[in-house]
Amino acid sequence: MVLADAGCEVSLWGRRAELAKEINAGRVNPDYLPGVELPAAITATADPAEAAHDADFTVLVVPSQTLRGNLAAWAPMLAPDTVLVSLMKGVELGTAKRMSEVITEVADVPAERVAVLTGPNLAKEIAARQPAAAVVACVDETVAQRLQAACITPYFRPYTNTDVVGCELGGAVKNVIGLAVGIANGMGLGDNSKATLITRGLAETTRLGLAMGADPLTFSGLAGLGDLVATCSSPLSRNNTFGTNLGRGMTLQETIAATKQTAEGVKSCESVLDLGRRHGVDMPITETVVSIVHDGKPPIVALKELMSRSAKPERR
Ligand SMILES: NC(=O)C1=CN([C@@H]2O[C@H](COP(=O)(O)OP(=O)(O)OC[C@H]3O[C@@H](n4cnc5c(N)ncnc54)[C@H](O)[C@@H]3O)[C@@H](O)[C@H]2O)C=CC1
Ligand SMILES: O=C(CO)COP(=O)(O)O
């Protein structure tokens, strides 16, 4: 939507040919954005080669844990000098790799041709063209500037950053903290508790980022604090809503069934915790989310354990 509004021709790949036909004919994506008329510059196709052909930017926005398999199939079709742009906010299970690391590995492209677009960008609000900002990150500032120019519109304000590590971590960990805040919400806890989780969640994210060589300032920006606030306060957030349902007492299976779209934090909480352990960084909120979501620990028990952990001096 943003790229089309910024003047780009957009070729949208989907798995189902019949949905692609419906989008081209009706100018609406009934499954994901019902009621939103898509710009004429967007055409849908079920043929990845057609979608990838001649693309200046190849935007990758599938659920994180499906990236490796999908990109392996698409790699031979990529345009020779295309810049691969990740909107995905997850950490790969098993490898604990960030999305840009998976992209450079699977597509065999240098980091200078991999960019990340992230920030407080709840899809339904973007589709409604409500004012928003984002970070476009690439190790090569000129590539970040090219992407910035390609996606700036009167309602969408991209800022450039060369700290890809920090921007990706901010986007991935905020989904885990969003689950935690949702769980607190579902348990009926108030704004003090949620503000504490947001603040200490940002501290946890920043500690991990510093250990991985990120710029600490990234986490007080749109990719960190900005996305954390949007996710932890919006009912549009799948991670927040997923957590709320768990906090209300729904089982994991019931919650998964009720969540029609991707809640990245459900899988990424384990790979984020793995990443923390690989870097010797304590991630207490992430650990608590894993215990609730994957080990079946009752939220009230997990909360009591979290609150009884030794409180270290408040530092990043
Ligand atoms: N929805 C949002 O508000 C935002 C989402 N993102 C990120 O975008 C990424 C994709 O998530 P969403 O688009 O929200 O998820 P989604 O649940 O809406 O699905 C995204 C698309 O991927 C397709 N898909 C699902 N499984 C697939 C597979 N195995 N292979 C190929 N395609 C598959 C779906 O059919 C759908 O078209 C996530 O990493 C998310 O964090 C980033 C910013 C905002
Ligand atoms: O990343 C997002 C907003 O920036 C979307 O959040 P959810 O994946 O929690 O819906």
Side-chain angles (χ1 to χ4, degrees), residues 1-2 12-20 22-23 29-34 36 38 42 44-46 48 51 59-74 85-93 98-100 102-103 116-128 130 132-136 151 156 158 167-183 185 201 221-245 255-256 258-269 271-272 289:
M1 176 76 84
V2 168
L12 176 69
W13 172 77
R15 290 178 291 180
R16 290 172 286 151
E18 68 280 5
L19 181 59
E22 192 174 349
I23 288 172
N29 181 342
D31 291 1
Y32 287 89
L33 289 173
V36 176
L38 298 176
I42 295 177
T45 178
V59 180
L60 301 171
V61 60
V62 291
S64 296
Q65 306 306 331
T66 77
L67 172 63
R68 184 175 291 270
N70 278 306
L71 188 54
W74 298 334
V85 183
S86 168
L87 270 60
M88 300 164 287
K89 298 177 179 178
V91 173
E92 187 178 55
L93 284 166
R98 292 174 284 107
M99 295 296 102
S100 64
V102 176
I103 293 168
V116 171
L117 189 156
T118 190
N121 299 159
L122 295 154
K124 282 189 178 156
E125 294 182 6
I126 298 289
Q130 292 189 17
V135 180
V136 286
C151 65
F156 191 77
C167 289
E168 286 193 295
L169 268 181
V173 185
K174 70 88 182 171
N175 285 329
V176 181
I177 309 306
L179 281 173
V181 171
I183 291 169
N185 197 43
L222 291 160
L225 179 62
D227 210 354
L228 197 54
V229 168
T231 299
C232 295
S233 49
S234 175
L236 291 177
S237 160
R238 285 77 49 88
N239 289 281
N240 188 347
T241 308
F242 193 102
T244 300
N245 287 331
T255 307
I256 289 169
T259 309
K260 296 284 175 276
Q261 292 187 19
T262 303
E264 286 277 18
V266 173
K267 291 182 177 171
S268 281
C269 62
S271 45
V272 166
V289 169

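By convention here, the first residue in the shown sequence is residue 1. What you see is a predicted model, and the numbers here were worked out from it, not measured in a lab. Counting starts at 1 for both ligands and their atoms, following the listed order.
Once rounded to the nearest 0.5 Å, the distance linking CE of Met99 with CD of Glu92 reads 5.5 Å. Here CG of Asn245 is found 11.0 Å from CG of Leu179. Values are rounded to the nearest 0.5 Å. Rounding to the nearest 0.5 Å places CE of Met88 at 11.5 Å from CG of Leu117. Atoms CD and CG, from Gln261 and Asp31 in turn, are 9.5 Å apart once rounded to the nearest 0.5 Å. In this structure, CZ in Arg238 is found 13.5 Å from NZ in Lys260, a value given to the nearest 0.5 Å. Summarising the geometry, atom CG belonging to Asn175 is positioned 4.0 Å from atom CG belonging to Asn239; distances are rounded to the nearest 0.5 Å.
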Start with the C-alpha distance between Val173 and Val91, add both sets of side-chain angles, then the distance that settles side chain to side chain contact (heavy atoms under 4.5 Å, CB included), and finish with yes or no.
CA-CA 9 Å; Val173 185; Val91 173; over 6 Å; no
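For ligand 2, the protein residues within 4.0 angstrom (heavy atoms only) are Lys89, Gly119, Pro120, Asn121, Leu122, Lys174, Asn175, Asp227, Thr231, Leu236, Ser237, Arg238, Asn239.
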Nitrogen or oxygen contacts under 3.5 Å, ligand 1 side and protein side:
from, atom 1, to, atom 2, distance (Å)
ligand 1, 1 (N), Arg238, NH2, 3.1
ligand 1, 3 (O), Ala123, N, 2.8
ligand 1, 14 (O), Arg238, NH1, 3.0
ligand 1, 14 (O), Arg238, NH2, 2.7
ligand 1, 15 (O), Thr262, OG1, 3.3
ligand 1, 17 (O), Thr262, N, 3.0
ligand 1, 17 (O), Thr262, OG1, 2.7
ligand 1, 18 (O), Gln261, OE1, 3.3
ligand 1, 24 (N), Arg15, NH2, 3.4
ligand 1, 30 (N), Asn70, ND2, 3.0
ligand 1, 35 (O), Arg15, NH2, 3.1
ligand 1, 35 (O), Tyr32, OH, 3.3
ligand 1, 39 (O), Lys89, N, 3.0
ligand 1, 39 (O), Glu264, OE2, 2.6

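Legend: salt bridge (charged side-chain N to carboxylate O under 4.0 Å, His left out) pairs involving residues 170-183, not counting sequence neighbours, sorted by first then second residue: Lys174-Asp227.
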Sequence neighbours excluded and cut-off under 3.5 Å, please list the side-chain donor-acceptor pairs for residues 119-127, or say none.
from, atom 1, to, atom 2, distance (Å)
Asn121, ND2, Ala133, O, 2.9

